[in-house]
Amino acid sequence: MAVEIAVVGAVDGARLVELDRAGLTRLGSVEGAAFVIGGRGSPDVDAVVSSVEELEALWVGRVEPFARNVAAGRFAAAVGPPRLSAWDPGWAVVAGRLLGRLGRRVGVAGVVWDHIGSTSVPGLAAKPVVDLQLGVPSLAELPGLAEALAGAGFVDVAPHVPGSPGVLRDAPRGRVGAGARWDKRLFASADPGQRAILHVREIGSPWWHYTRSFRDLLRADPRLRRDYEAIKRDLAAAHAGDSGNDAYTVAKTAFFDTIQDRLGTPPRC
């Protein structure tokens, strides 16, 4: 599968074609591209270059690995222990760009797109991984979803790490009925230069509701935001010797126990 790349501004598209000796990419439009290269000042741009030398370095360090990952059905995985970064307003720009790109690919009626997780909360330190959520009317009626998302550079995580937390199922919690949906699908970006994750959940299911409610609580409550950041910093320090983020992720969910009653009742429960 050739990844569609777009260039805007004074970027040398001909040189990009020359660099791609394996035919991993094809030049296209910004609206259809999975990766956009250009100058400064455009929210559509994934990477900024101002010279041929920078373009060549970008190809080697990011674009070619991205294209090879997509072709292999491989996502950009976490490397090393969890590391927190100071909140970056650029995360919201990235989220908006990716949500727009994904939304153009998914032709399902009645969906809801969200930027969730710590990167969606101004002022909160976070791992620099942008969490997105797609709420769908039914998980059982998503024909061609994996193929559509691959066109935007997102890969199905389940074939690679089905046993990792939150890949195929969320941890049950809260006072919900017996028919609550805990199953989900998880996709992740193949871009090694900007990690991003897409959670696909049924609209009205517990975790579709909890993620949005928790985000809104953190945005509105400075004290809660400070408490959560302190917990995350403690856990990052405790898991500083880990080779991945799974143990940190599982431990972090304990914070939900202290605020579960503030998250409200999911619409379908």
Side-chain angles (χ1 to χ4, degrees), residues 75-95 98 114-135 157 161 163-176 180-184 186-189 194-201 205-266 269:
F75 61 93
V79 177
R83 300 186 187 279
L84 300 183
S85 300
W87 183 75
D88 183 347
W91 290 335
V93 178
V94 172
L98 294 179
D114 283 293
H115 181 196
I116 59 170
S118 294
T119 62
S120 70
V121 181
L124 181 63
K127 293 191 278 63
V129 182
V130 174
D131 277 283
L132 309 172
Q133 182 165 264
L134 169 59
V157 173
V161 286
S164 287
V167 172
L168 291 171
R169 183 175 172 82
D170 289 313
R173 67 164 46 249
R175 300 183 184 90
V176 299
R181 296 293 300 261
W182 304 104
D183 53 328
K184 64 180 290 193
L186 189 70
F187 296 82
S189 174
Q194 175 57 69
R195 291 187 60 225
I197 295 173
L198 175 66
H199 307 258
V200 183
R201 297 178 169 110
S205 63
W207 275 96
W208 176 83
H209 167 79
Y210 294 150
T211 54
R212 303 169 89 228
S213 180
F214 187 45
R215 174 199 62 195
D216 295 345
L217 279 173
L218 288 171
R219 286 175 174 176
D221 187 333
R223 181 174 180 179
L224 181 66
R225 194 161 59 243
R226 288 193 297 270
D227 290 346
Y228 186 49
E229 181 170 319
I231 290 291
K232 294 205 303 174
R233 290 194 181 281
D234 288 346
L235 289 174
H239 293 278
D242 292 1
S243 59
N245 293 177
D246 282 2
Y248 165 86
T249 299
V250 171
K252 189 176 59 174
T253 60
F255 184 80
F256 279 80
D257 294 337
T258 66
I259 61 159
Q260 182 68 49
D261 290 343
R262 296 182 64 184
L263 296 178
T265 302
C269 302

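Just so it is clear, the structure is predicted and the values come from calculations on it, not from any experiment.
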Give every donor-acceptor pair under 3.5 Å between a side-chain atom in residues 215-222 and any protein atom, sequence neighbours left out.
from: Arg215; atom 1: NH1; to: Asp114; atom 2: OD1; distance (Å): 3.2
from: Arg215; atom 1: NH1; to: His115; atom 2: O; distance (Å): 3.0
from: Arg219; atom 1: NE; to: Ser120; atom 2: O; distance (Å): 2.9
from: Arg219; atom 1: NH2; to: Ser120; atom 2: O; distance (Å): 3.0
from: Asp221; atom 1: OD1; to: Arg223; atom 2: N; distance (Å): 3.0
from: Asp221; atom 1: OD1; to: Leu224; atom 2: N; distance (Å): 3.0
from: Asp221; atom 1: OD2; to: Arg262; atom 2: NH1; distance (Å): 3.4
from: Asp221; atom 1: OD2; to: Arg262; atom 2: NH2; distance (Å): 3.1

Q: Supply the atom-to-atom distance His209 NE2 to Leu263 CG, rounded to the nearest 0.5 angstrom.
A: 6.5 Å

Q. Arg233: what forms a salt bridge (charged side-chain N to carboxylate O under 4.0 Å, His left out) with it, not counting sequence neighbours?
A. Glu229

Q | side chain to side chain contact (heavy atoms under 4.5 Å, CB included) partners for Ser85, two or more places apart | A | Trp91, Pro128

Q: Report the residues that fulfil salt bridge (charged side-chain N to carboxylate O under 4.0 Å, His left out) with Arg226, sequence neighbours left out, ordered by chain and then residue number.
A: none

Q: Check side chain to side chain contact (heavy atoms under 4.5 Å, CB included) between Pro89 and all other residues, then give those that pass, not counting sequence neighbours.
A: Trp87

Q. With distance as the sole test, does Lys184 use its side chain to make a donor-acceptor pair with the main-chain N or O of Asp170 at under 3.5 Å?
A. no

Q: Only pairs at least two apart or in different chains count here, so list each side-chain hydrogen bond (donor to acceptor under 3.5 Å, both in side chains) that has a residue in residues 123-134.
A: Asp131-His199, Gln133-Arg201, Gln133-Thr211

Q) Listed by chain and number, what are the side chain to side chain donor-acceptor pair (under 3.5 Å) partners of Asp227, not counting sequence neighbours? A) none

Q) What is the distance from atom NZ of Lys232 to atom OH of Tyr228, rounded to the nearest 0.5 Å? A) 5.0 Å

Q. Side chains of Val129 and Thr119: closer than 4.5 Å at any heavy-atom pair?
A. no

**Q.** Considering all heavy atoms, the nearest Pro206-Pro266 contact
**A.** CA-CG, 3.5 Å

Q. By ring pair (Phe, Tyr, Trp, His ring centres under 6.0 Å), which residues pair with Phe187, not counting sequence neighbours?
A. none

Under 3.5 Å, sequence neighbours excluded: what are the donor-acceptor pairs made by side chains of residues 238-251?
from: His239; atom 1: ND1; to: Asp242; atom 2: OD2; distance (Å): 2.8
from: Asp246; atom 1: OD2; to: Ser164; atom 2: OG; distance (Å): 3.1
from: Thr249; atom 1: OG1; to: Asn245; atom 2: O; distance (Å): 2.9

Q. Mind checking what makes side chain to side chain donor-acceptor pair (under 3.5 Å) contact with Ser189, not counting sequence neighbours?
A. none

Q) Which residues satisfy the ring pair (Phe, Tyr, Trp, His ring centres under 6.0 Å) test with Tyr210, sequence neighbours excluded? A) Trp207

(Q) Evaluate Arg181 against Val176 for side-chain contact (heavy atoms from CB on, under 4.5 Å), listing each step before the verdict. (A) CA-CA 10 Å; Arg181 296 293 300 261; Val176 299; over 6 Å; no

**Q.** Under the side chain to side chain contact (heavy atoms under 4.5 Å, CB included) test, residues paired with Asp257 that sit two or more places apart
**A.** Arg173, Ala254

Q) Do the rings of Phe214 and Phe256 sit parallel, tilted or perpendicular, given the 30° and 60° boundaries? A) tilted

Q | Phe255 and Leu235, any side-chain heavy atoms less than 4.5 Å apart | A | no

Q.
Can you give me the closest heavy-atom contact between Leu198 and Leu134, atom names plus distance?
A. CD1-N, 3.8 Å

